[in-house]
Amino acid sequence: NPYYDSSKPHHRPEGFVNSDGTVVSKPMSDLLRWYRERFGKSLPPPPGEFMANYDAFPVRPFKASPLESPSQIRASWLSHASVLLETQGLNVLTDPHFCERAFPVQWAGPARKVKSPANVADLPHIDVVVISHNHYDHMDEGTLLDLAKKSPKTLFLVPLGVEKTFQSWGIQNVQAMDWWDKKTIQATEFTFVPAYHWSARTLLDRNTTLWGGWAVKHPRLNFFFSGDTGYSQDFKEIGKRLGPFDFSAIAVGAYEPRWFMKAQHINPDEAVQIHQEVRSKKSIGVHWGTFELTDEPLDQPIGDLAKARKKFGLPDSEFELLEHGQTIILKN
Ligand code: ZN
Ligand code: ZN
């Protein structure tokens with residue numbers, strides 16, 4: 001680990017660990033148990049209770065359009081973990097992925113079940129792309145190369161170690177950040193923050209690059225993006241140091257079965273808890289409805305988030321799910 005700093009609790013000579021010093025590590029026997037139980041079940045045909053089939057998910061094709069006023073701020077969910085935040089003079093995009101598959105090769109691995117609402121050509125100029133970690137559903141080579149080609153000015157902010165992958169693709173305008181590192185661009189402060197997760201792109205690079213979430217403090221809007229995470233104490237700390245947030249994008253999908261997934265992916269219940277701990281005024285659920293990564297039907301977060309809101313006494317509008325490609329206005 002070329003970044004190894006013995007004074008930092010999440011640094012190890014061979015890579016990184018979570019903020020409490022632990023790693024997400026499941027023995028091979030657990031992985032085999034998950035596969036066995038998964039294929040042993042006679043699961044109803046997906047999606048499930050709320051959508052008749054994949055085509056029933058509404059998709060709103062996204063096309064760039066100017067802001068309606070210089071003070072307007074808006075956000076669009078471009079499927080999975082991709083969120084576009086548009087402000088006058090600074091557009092930010094999280095974990096862009098518009099391709100068919102989330103896998104090293106395009107002929108195997110989890111395929112997109114709902115059509116991408118956008119392509120890179122449909123987007124406005126992107127000033128900053130933030131990457132949460134190097135898993136294939138968050139860091140798509142094709143999409144990132146398209147973005148870099150479209151504008152060499154686009155800056156990619158990435159977790160420590162991930163810049164090497166970008167450089168190997170020929171993307172030079174990349175900057176690696178550690179947890180709590182800050183970078184200010186056009187009066188907007190980007191902070192890379194901890195998450196409870198892991199990283200890997202090959203069989204040999206597990207946890208050699210860092211993972212996390214992003215806090216983006218624009219003068220008129222404080223934004224939080226969770227990345228992929230299990231529940232941890234990190235969120236109280238993020239809320240304390242960088243909150244309250246006006247708007248958050250928090251993962252609400254890929255959480256079943258709990259005995260296997262809890263350590264790496266929050267469920268809607270925990271997402272609402274995190275919404276409260278980071279002190280978010282309004283949140284949207286992301287990381288759902290796009291790739292079938294785990295056991296719950298693709299539409300199950302719709303019901304589970306509604307239950308979680310009820311349990312925590314949240315109004316529907318405070319933590320909602322958008323349609324693929326939907327834009328909401330955060331400030332006028
Ligand atoms: Zn991940
Ligand atoms: Zn993911």
Return the set of residues passing ring pair (Phe, Tyr, Trp, His ring centres under 6.0 Å) with [X] (not counting sequence neighbours), or none when no residue passes.
X: F247; answer: F223
X: W214; answer: F192
X: H138; answer: H80, H133, H287
X: F224; answer: F245

Kindly state each residue pair satisfying salt bridge (Lys or Arg N to Asp or Glu O under 4.0 Å) with at least one member in [range], sequence neighbours excluded.
range: residues 298-309; answer: D304-K307, R309-D316
range: residues 60-70; answer: R60-E323, K63-D122
range: residues 236-247; answer: K236-E277, E237-K240, E237-R241, D246-K281
range: residues 205-223; answer: none

Is [X] isolated, or which residues cluster with it under the ILVMFWY side-chain rule of less than 4.5 Å, directly or via members?
X: Y4; value: none
X: V129; value: F62, L78, L84, L93, F98, V120, L123, I126, I131, M139, L144, L145, L147, F156, V158, V162, F166, W169, I171, V174
X: Y196; value: V24, W198
X: V17; value: V23

Heavy atoms of other groups near K115 NZ, more than 12 under 6.0 Å: no

